Number of protein chains: 2
Amino acid sequence: MSAEKPAGLPIAGERRERADAAANRVRILAAARQVLAERGAEGTTLDAVAEQAGVGKGTVFRRFGDRSGLFQALLDEHLRVFQDAFMFGPPPLGPGASPGERLAALLEGLLDMEDGHLELILALERDRWKAPIGGYIVLSLHAENLIREISPRLDAPVLAQLLLNAVNVNVVRHLRQETGTSLAAIKASVRALVAGLEMSARS
Amino acid sequence: MSAEKPAGLPIAGERRERADAAANRVRILAAARQVLAERGAEGTTLDAVAEQAGVGKGTVFRRFGDRSGLFQALLDEHLRVFQDAFMFGPPPLGPGASPGERLAALLEGLLDMEDGHLELILALERDRWKAPIGGYIVLSLHAENLIREISPRLDAPVLAQLLLNAVNVNVVRHLRQETGTSLAAIKASVRALVAGLEMSARS
DNA sequence: TCATAAGTGGACTGATGGTCCGCTTAACGA
DNA sequence: TCGTTAAGCGGACCATCAGTCCACTTATGA
């Protein structure tokens, strides 16, 4: 719902984005969300999005570069909220709780996001099939820092990747849709994993 | 290099696969391996494989059904060896070691396989982007059993998925190629994760 | 009101997975 | 050895999409 460049003054030397262009961006994002909801990740083509938005295909590409750029823009909205929450929000996700609690909350929050936007994230996964979740740099760095806080003896960069990928979208999809597991059950196991890490780091 | 149906007598009511067909299957598999090695997962098209094998494209599809079927057949060869090793081989992978040791060995073995056949597994990932590693049923079941042995209090099906996906191909690719991490370092962190699970299960 | 560069749409291209069907040939029984 | 037959073959063909291009339109600032 939020526009990409809300209102701000034009940067020196740049013109402001034209009003009709900004409106189209919003319409395209909305159309993408709708098509994703109606047809799922697999059935969402850019032609369909363009048609739903009432816009030419060229316009979609001019705004977002390529397929994954469009979905990335969509995901970034949610990601930004999530980042705010774990950087500045209340514990256990935000500062104030123990690093172990925060790490668990981070992974659980990721699970929530994936569960809430399954098709979107799957669509992204289709295009970026060679990128791990840990490719989201802010998430990785934050996870690394928390792991380092738990114990400097742990290999933070590697463990961050392992843990973030443990809660990959595909895991969520598989467990939720194919084996009917509840989100709470997944979270419980994630907590067990983090708790174990804390214990083994202490010994 | 091994043929799919080596020599066996024809099942009642079925004809044996024609000799030229069997030969073609072998040539196609070899061609696929070579193209994968030369052009990587991204550049490996079925036309290229067919040409390299000196065979029509239709033949490739007749034998393997579709793109992922071809790569699956290729991977199955390695998977079969690996399965043998953890079902009947020597410890710590095979029976004889503690369940925790075996679980760690399973994940490390998976890492070895992924590292050794990166492009192949990435190619498979591209087609089966909505399937988690845990989709390899034998692997999942084996991991589940080991986890149950560690402690019946653990949620074995969920933890198996989490752990198997923690060592996803993409993690390996990312850590190895982009951050230059050694395989040994990844294995060490996997062991830390499993060790932690054992400890937290005991308390 | 005008000049202009930003924006637009949709026809077009290129790549690639997958299908089809008339021709070839291995396999088997007589 | 030879004839019959269905399994197998090749590669032209098709369908689907992501992404490009460019002649035309229009918002914007002077």
Side-chain angles (χ1 to χ4, degrees), chain A residues 3-5 7 9-28 31-32 35-36 39-73 123-129, chain B residues 3-5 7-28 31-32 35-36 39-72 123-129:
Chain A
E4 277 285 293
K5 294 180 180 176
L9 299 175
I11 314 281
E14 299 188 341
R15 273 165 195 256
R16 186 165 62 244
E17 175 181 59
R18 260 166 59 166
D20 53 345
N24 272 339
R25 163 182 290 133
V26 173
R27 294 171 69 197
I28 292 168
V35 175
L36 228 26
R39 312 197 195 179
E42 212 145 357
T44 298
T45 68
L46 290 203
D47 292 271
V49 171
E51 190 187 351
Q52 173 70 36
V55 129
K57 192 161 40 149
T59 304
V60 176
F61 281 93
R62 158 170 271 266
R63 284 275 95 70
F64 298 101
D66 62 10
R67 198 186 136 91
S68 72
L70 170 60
F71 296 130
Q72 189 65 60
L124 214 40
E125 192 87 346
R126 189 190 119 184
D127 298 327
R128 315 201 326 161
W129 51 279
Chain B
E4 276 285 293
K5 294 180 180 176
L9 299 175
I11 315 280
E14 300 188 341
R15 273 164 196 258
R16 185 167 62 242
E17 175 181 59
R18 264 167 56 165
D20 53 346
N24 272 339
R25 162 182 290 133
V26 173
R27 295 172 67 197
I28 292 168
V35 175
L36 229 25
R39 313 198 196 180
E42 211 145 0
T44 298
T45 68
L46 289 202
D47 293 270
V49 171
E51 189 188 352
Q52 172 71 36
V55 131
K57 193 162 40 151
T59 305
V60 176
F61 282 95
R62 158 171 274 265
R63 283 276 93 69
F64 299 101
D66 61 11
R67 197 187 137 91
S68 72
L70 170 60
F71 297 129
Q72 189 66 59
L124 214 42
E125 193 88 345
R126 188 189 122 186
D127 298 328
R128 315 200 326 161
W129 50 278

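Side-chain atoms are counted along with the backbone in the values below, which use heavy atoms only and exclude waters and symmetry mates. Keep in mind it's a predicted model, so treat the numbers as computed, not measured.
- Whole-Å rounding puts the B:Arg63 CZ to C:dG17 P distance at 19 Å.
- Atom CD1 of A:Ile28 sits about 7.0 Å away from atom CZ of A:Arg63, to the nearest 0.5 Å.
- Rounded to an integer number of Å, the gap from CZ of A:Phe64 to P of C:dT8 is 11 Å.
- Straight-line distance from the CD atom of A:Glu51 to the P atom of C:dG9: 13 Å, rounded to whole Å.
- Taking the side chain as every heavy atom from C-beta outward, B:Arg62 and B:Thr59 never approach each other to under 4.5 Å.
- The shortest distance between side-chain heavy atoms of B:Arg25 and B:Glu17 falls below 4.5 Å.
- The phosphate of D:dC9 has OP1 or OP2 within less than 4.0 Å of a side-chain N or O from B:Asn24.
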Fill in: Summary of protein contacts for nucleotides 12-18 of chain D, nucleotide by nucleotide, where a base hit scores B, a sugar-phosphate-only hit scores S (4.0 Å, heavy atoms)
-----SB
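- At the phosphate of C:dG7, neither OP1 nor OP2 sits under 4.0 Å from any side-chain N or O atom of A:Thr59.
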Discussion item. Could you walk me through whether A:Trp129 and A:Glu125 satisfy the side chain to side chain contact (heavy atoms under 4.5 Å, CB included) test, starting with their C-alpha distance in whole Å, then the side-chain angles of each, then the deciding distance to 0.1 Å, before giving a yes or no?
Written reply: CA-CA 5 Å; A:Trp129 51 279; A:Glu125 192 87 346; over 6 Å; no
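- A salt bridge does not link A:Glu42 to A:Arg126: none of the charged side-chain nitrogens sits closer than 4.0 Å to a carboxylate oxygen.
- The side chain of B:Arg18 sits closest to C:dT25 out of C:dA6, D:dC9, C:dT25.
- Ranked by how close their nearest DNA chain C nucleotide is to the 5' end, A:Arg62 and B:Ser68 are led by A:Arg62.
- In this structure, CZ of B:Arg27 is placed 13 Å from C1' of D:dG10, rounded to the nearest angstrom.
- With sequence neighbours excluded, the residues forming a side chain to side chain contact (heavy atoms under 4.5 Å, CB included) with A:Asp66 are A:Ser68, listed by chain and number.
- Between A:Arg25 and C:dG7, a side-chain N or O to OP1/OP2 separation shorter than 4.0 Å is absent.
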